[in-house]
There are 2 protein chains.
Amino acid sequence: MPEPRRVLPPRSEAELLARADALAGRTLGDVAVEHGLAVPANTRRGKGWTGTVIEHALGANAGSRPEPDFRLISVELKTIPVGPDRRPLESTYVCTVPLAGDAAPDWRDSNVRRKLARVLWMPFEGDRAITLPERRIGAPLLWSPSPGEELALASDWETLMDRVMLGRVEEISAREGECLQIRPKAANAASRRLAVGASGAREPTLPRGFYLRASFTAAILERYYA
Amino acid sequence: MPEPRRVLPPRSEAELLARADALAGRTLGDVAVEHGLAVPANTRRGKGWTGTVIEHALGANAGSRPEPDFRLISVELKTIPVGPDRRPLESTYVCTVPLAGDAAPDWRDSNVRRKLARVLWMPFEGDRAITLPERRIGAPLLWSPSPGEELALASDWETLMDRVMLGRVEEISAREGECLQIRPKAANAASRRLAVGASGAREPTLPRGFYLRASFTAAILERYYA
DNA sequence: CGGGATCCAAGTGTGGATCCAC
DNA sequence: GTGGATCCACACTTGGATCCCG
């Protein structure tokens, strides 16, 4: 196993895209070995592995919290599993839902908007018949929401967050939201985090996250490849 | 190495004291081995080791946060290193200082008071010439503050917390406080936690803890042995 | 199919305290 | 001697996401 190679943060979008282009066509296993990262036995163990591998390869400032993966150039990295038709196989996690009421009351100050302002999408083969290390990386796509996309996101966010801030988070189903949904984001169903309750007081509830529906990310990729 | 023995929580002060008495005279190494705990190379590495060993041996519900070590009977455990004269060699950490302004404004609701309401003191040989595993455990002492002790603690607490809540924590020195002092409690001097600042806004500062001066705990032990 | 449940790694915070230069 | 600095273990949180049953 070679030394884990340290990759410096990219200083421009052009530099980032050049690196990302150079990954296209390579396998995850190949890239992982180059960076000294062990390969998990299967996908069940190692759900976040692909994201970690690409982060290392592109020089993301990993581990920081509300900041973008590429802090210097304010770009967020998202790996996305796609099928042979290049359509996403999964929804995409965005960030946690602020449940405690200290949330921004406005879309323009929201973490969702900040995270999605500029995203480098890295598609990769998500077919479960292919083992993790054999999966190939696809062509990258640097994206910002179109005016229409941002309107749709803002609309979903406002509808959902209104209910959260009124203490109605327990009543929110993943069926709601045209492009943005709220779903559990936890180690297991027993996890608890304080949230605004129906009475207005804080009470424990299951932690949740914002996710982009696969239909939404499919449209993003399609627009690009068209 | 034997299996780490699981000790059930004591159900009464009498049961706790009986167990503590049974430890008196034994060495830390002896007790540690009995509970499957590894012995650190030296005291620099392993500062909290003595406390952990005694917790295991007495059946403390370790790891919980604002609760006493022995939750069922509301007793806190404190190990305390003493010299040949049985006087404490170190101050005693009590709890973290609430810096963010969400603190109790009153002594009676304070964590310091709750922690010290009922304490099992376990003295042990703290002489640095004796290796950790060779150090012997002393006679236990179950203590609650006398009216005079509580007055002194409350007075120090109120003086110190007034300044914290006014955003003056940076100005507090460990020289202040007759029996209770405020000192850094952090991994290193670069650690930061939000506190009420001089302007009233939250700003990062070094995390701090409440400590009992050695002169105060010396008086407690002395009162008992007299 | 997809909504609700879950999995891992790494960083951070807390509880246990003692170290050591001045 | 002691005020300010530091050390370890482990629980918890966060960021990375995919699993899988009805």
Side-chain angles (χ1 to χ4, degrees), chain A residues 37-38 40-55 60 62-67 69 76-81 89-96 115 126 128 132 172-176 181-193 206-209 211 213-215, chain B residues 37-38 40-55 60 62-67 69 76-81 89-96 115 126 128 132 172-176 181-193 206-209 211 213-215:
Chain A
L37 300 169
N42 55 61
T43 54
R44 187 161 186 280
R45 315 173 59 76
K47 292 184 180 180
W49 184 73
T50 303
T52 306
V53 171
I54 307 291
E55 279 177 357
S64 54
R65 274 183 305 124
E67 297 180 20
D69 294 304
E76 176 73 17
L77 171 66
K78 286 295 174 193
T79 56
I80 186 164
L89 298 174
E90 291 284 355
S91 58
T92 300
Y93 169 71
V94 181
C95 59
T96 59
K115 277 269 191 187
R128 314 235 304 242
L132 268 184
I172 298 177
S173 153
R175 290 174 188 80
E176 301 177 41
Q181 61 180 176
I182 285 183
R183 296 221 309 282
K185 173 72 167 87
N188 56 61
S191 297
R192 287 295 177 268
R193 212 59 39 91
L206 188 61
R208 288 140 215 263
Y211 295 80
R213 288 189 183 280
S215 58
Chain B
L37 299 169
N42 55 62
T43 53
R44 189 161 185 279
R45 315 172 59 76
K47 293 185 178 179
W49 183 73
T50 302
T52 305
V53 171
I54 307 292
E55 280 177 358
S64 54
R65 274 185 304 123
E67 297 180 19
D69 294 305
E76 176 73 18
L77 171 66
K78 286 294 173 194
T79 56
I80 186 165
L89 299 175
E90 290 285 352
S91 58
T92 300
Y93 170 70
V94 182
C95 59
T96 61
K115 278 269 189 183
R128 315 243 291 251
L132 267 184
I172 298 177
S173 152
R175 288 174 188 82
E176 301 175 41
Q181 61 180 174
I182 286 183
R183 297 221 309 281
K185 173 72 167 89
N188 56 60
S191 297
R192 286 295 177 266
R193 212 62 35 96
L206 188 61
R208 287 141 215 265
Y211 294 80
R213 289 189 183 279
S215 57

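The side-chain hydrogen bond (donor to acceptor under 3.5 Å, both in side chains) test applied to B/Ser173 returns B/Arg175, not counting sequence neighbours. Remark: A/Thr79 engages no residue in a side-chain hydrogen bond (donor to acceptor under 3.5 Å, both in side chains) (not counting sequence neighbours). Take A/Arg44 and apply the side chain to side chain contact (heavy atoms under 4.5 Å, CB included) test, not counting sequence neighbours, and it matches A/Asn42. Under the salt bridge (charged side-chain N to carboxylate O under 4.0 Å, His left out) criterion, A/Glu176 pairs with A/Arg163, not counting sequence neighbours.
Look at CZ on A/Arg193: it is 11 Å from P on D/dG15, rounded to the nearest Å. Atom OH of A/Tyr93 and atom C1' of D/dT18 are 14 Å apart (whole Å). With rounding to whole Å, B/Gln181 atom CD is found 14 Å from C/dT18 atom C1'. The separation between A/Tyr211 atom OH and D/dT14 atom P is 14 Å, rounded to whole Å. Rounded to an integer number of Å, the gap from A/Glu55 CD to C/dG11 P is 11 Å. Between A/Glu176 atom CD and C/dG3 atom P the separation is 11 Å, expressed in whole Å.
When the nucleotides D/dG16, D/dA5, C/dG4 are ranked by their closest atom to the side chain of B/Pro184, D/dA5 comes out on top.
Between B/Arg208 and D/dG4, a side-chain N or O to OP1/OP2 separation shorter than 4.0 Å is absent. Proximity of A/Thr79 to the phosphate of D/dA17: a side-chain N or O atom is located under 4.0 Å from OP1 or OP2. At C/dA17, one or more side-chain N or O atoms of B/Lys78 fall inside 4.0 Å of OP1 or OP2 (strictly under the cut-off). A close approach under 4.0 Å does not occur between any side-chain nitrogen or oxygen of B/Arg128 and OP1 or OP2 of C/dT18.
Side-chain atoms of A/Lys185 and base atoms of D/dG16 include a donor and an acceptor less than 3.5 Å apart. In this model, a side-chain donor or acceptor of B/Arg183 finds a partner on the base of C/dT18 within 3.5 Å. Contact annotation: side chain of B/Arg175 to base of D/dG3, donor-acceptor pair absent below 3.5 Å.
Using a distance-only test at 3.5 Å, with no hydrogens or angles considered, a donor-acceptor pair links the side chain of A/Gln181 to the main chain of A/Ala174.
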Check: Could you go step by step and tell me if B/Tyr211 and B/Lys185 meet the side-chain contact (heavy atoms from CB on, under 4.5 Å) rule?
Finding: CA-CA 10 Å; B/Tyr211 294 80; B/Lys185 173 72 167 89; 3.6 Å; yes

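For the segment residues 42-49 of chain B, residues with any heavy atom less than 4.0 angstrom from an atom of DNA chain C are, sorted by number, B/Thr43, B/Arg44, B/Lys47, B/Gly48.
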Taking distance alone, no hydrogens or angles, what donor-acceptor pairs closer than 3.5 Å link side-chain atoms of residues 45-54 of chain A to residues at least two apart or in another chain?
unit_1, atom_1, unit_2, atom_2, d
A/Trp49, NE1, A/Ala38, O, 2.9
A/Thr52, OG1, A/Gly48, O, 3.1

